[in-house]
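Everything below concerns the one structure shown next.
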Amino acid sequence: MACIYGDIMKIDTTGASEVTARQDKLTVKGVQASEKLAENDLARMEKYKSKIITVGKATQMEPAVIAGIISRESRAGAVLKDGWGDRGNGFGLMQVDKRHHSVKGTWDSEEHLTQGTEILIKSIKQIKAKFPQWTNEQCFKGGISAYNAGVGNVRSYQNMDVGTTGDDYGNDVVARAQWYNGKGY
């Protein structure tokens, strides 16, 4: 389903970098690697599917995008220790940074997913204000990139991921989200 921020299936993407693909010892990169990474997280993601869909409906965000972020940020919980990642700074499935936000809920709760999604939506809106000439889909992708590295890091459409983790965050999340879209998210 397309959401009010754009249609994830219409966003161009180069997918995961070689660095990101190496997480799962993949020999491919790009969209193919992103799809394999998402697939490797699917069994764990299924535990959260109903919460993801509920939060997606409540916030008017495509559930596939929430799943894409969860896959990228926490590998659907696999890399978390007691709900924490990023050397103790990132909280929950969506890795809300405690240095910038007061974390809400438990690490795998609807409340946490709602907070992470609201942070994403704020990023999309800030990108739209910063680049009013961009299409909805460009702002959507820019907001995803900004979710990782901040709105200030997004300086152009072509290079929006420079400075994100792996220099591929927006492209990787978009490709994962497109894959999850085909799995009913």
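Quick note: residue numbers are just sequence positions, from 1. Nothing here was measured: the structure is a model prediction, and the numbers come from that model. Below, all heavy atoms of this structure are taken into account, side chains as well, without hydrogens, waters or symmetry copies.
In terms of hydrophobic clustering, with Ile, Leu, Val, Met, Phe, Trp and Tyr side chains grouped at heavy-atom distances under 4.5 Å, V28 and V19 are assigned to different clusters. L113 is connected to M61 through a chain of hydrophobic side-chain contacts under 4.5 Å among Ile, Leu, Val, Met, Phe, Trp and Tyr, so both are in one cluster. V103 and I69 fall within a single hydrophobic cluster, where Ile, Leu, Val, Met, Phe, Trp and Tyr side chains are chained together by heavy-atom contacts under 4.5 Å. Neither L37 nor V79 shares a network with the other; the hydrophobic side chains, linked directly or stepwise wherever heavy atoms of I, L, V, M, F, W or Y lie under 4.5 Å apart, form separate groups for each.
Remark: the backbone N or O of I53 is not paired with any side-chain donor or acceptor of Y185 at under 3.5 angstrom. Within the 3.5 Å criterion, the main-chain N or O of L93 finds a donor-acceptor partner in the side chain of S74. Between the side chain of E46 and the backbone N or O of A43, no donor-acceptor pair lies under 3.5 Å. The main-chain N or O of V55 is never found under 3.5 Å from a side-chain atom of E110 such that the two would form a donor-acceptor pair. A donor-acceptor pair under 3.5 Å is absent between the side-chain atoms of K98 and the main chain of F91, judged by distance alone. Of the possible donor and acceptor atoms, one in the side chain of Q115 sits under 3.5 Å from a partner among the backbone N and O of K104. Judged purely by atom type and a 3.5 angstrom limit, T20 has no side-chain atom pairing as donor or acceptor with the backbone of A16. A donor-acceptor pair under 3.5 Å links the side-chain atoms of K130 to the main chain of V154, judged by distance alone. Side-chain atoms of Q32 do not come within 3.5 Å of backbone N or O of K29 as any donor-acceptor pair. The backbone N or O of D7 lies less than 3.5 Å from a partner atom in the side chain of E137, making a donor-acceptor pair.
Side-chain contact between I127 and F131 is present, with at least one heavy-atom pair separated by less than 4.5 Å. You'll find the side chain of V31 stays beyond 4.5 Å of the side chain of T14, heavy atoms only. For the pair L80/Q95, a side-chain contact is recorded, criterion being any heavy-atom separation below 4.5 Å from C-beta on. Side-chain contact check for F140 versus V65: some heavy-atom pair is nearer than 4.5 Å. Inter-residue side-chain proximity for V173 and I11 is flagged as unmet; no heavy-atom pair is nearer than 4.5 Å.
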W179 vs E39, side chain to side chain contact (heavy atoms under 4.5 Å, CB included): CA-CA, chis, key distance, verdict: CA-CA 8 Å; W179 188 86; E39 183 182 350; 3.5 Å; yes

C139 and Y5: CA distance, side-chain angles, deciding distance, side chain to side chain contact (heavy atoms under 4.5 Å, CB included) verdict: CA-CA 8 Å; C139 291; Y5 305 102; over 6 Å; no

Verdict with supporting geometry, T106 and D108, side chain to side chain contact (heavy atoms under 4.5 Å, CB included): CA-CA 6 Å; T106 56; D108 61 350; 3.5 Å; yes

Residue pair K141, M160: steps toward the side chain to side chain contact (heavy atoms under 4.5 Å, CB included) verdict: CA-CA 9 Å; K141 185 177 178 184; M160 71 172 58; 3.6 Å; yes

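Atoms CD and NZ, from Q138 and K10 in turn, are 13.5 Å apart once rounded to the nearest 0.5 Å. Between the CD1 atom in I124 and the CD1 atom in I119 there is a gap of 12.0 Å [rounded to 0.5 Å]. The distance from the CG atom of D12 to the OH atom of Y157 is 3.5 Å, given to the nearest 0.5 Å. Note: T54 OG1 to K49 NZ = 12.0 Å, rounded to the nearest 0.5 Å. Expressed to the nearest 0.5 Å, how far CD1 of I52 lies from CE of M94 amounts to 8.5 Å. Here the CG atom belonging to N181 is positioned 4.5 Å from the CE atom belonging to M9, to the nearest 0.5 angstrom.
For the residue pair R176/S34, the side-chain donor-acceptor check at 3.5 Å is not satisfied. Side-chain contact, N171 with D161: a donor N or O sits under 3.5 Å from an acceptor N or O.
Screening residues 72-89 for salt bridge (Lys or Arg N to Asp or Glu O under 4.0 Å) gives D24-R75, D41-R75, R72-D168, R72-D172, D86-R99 as the qualifying pairs, with residues at least two apart or on separate chains.
The two residues S17 and G166 make their nearest non-hydrogen contact at OG-O, 3.4 Å. Across W134 and S156, no two heavy atoms sit closer than the pair CZ2-C, 3.8 Å.
Taking the six-membered ring where the residue is Trp, Y147 and Y169 present parallel rings, their angle staying beneath 30° rather than reaching 60°.
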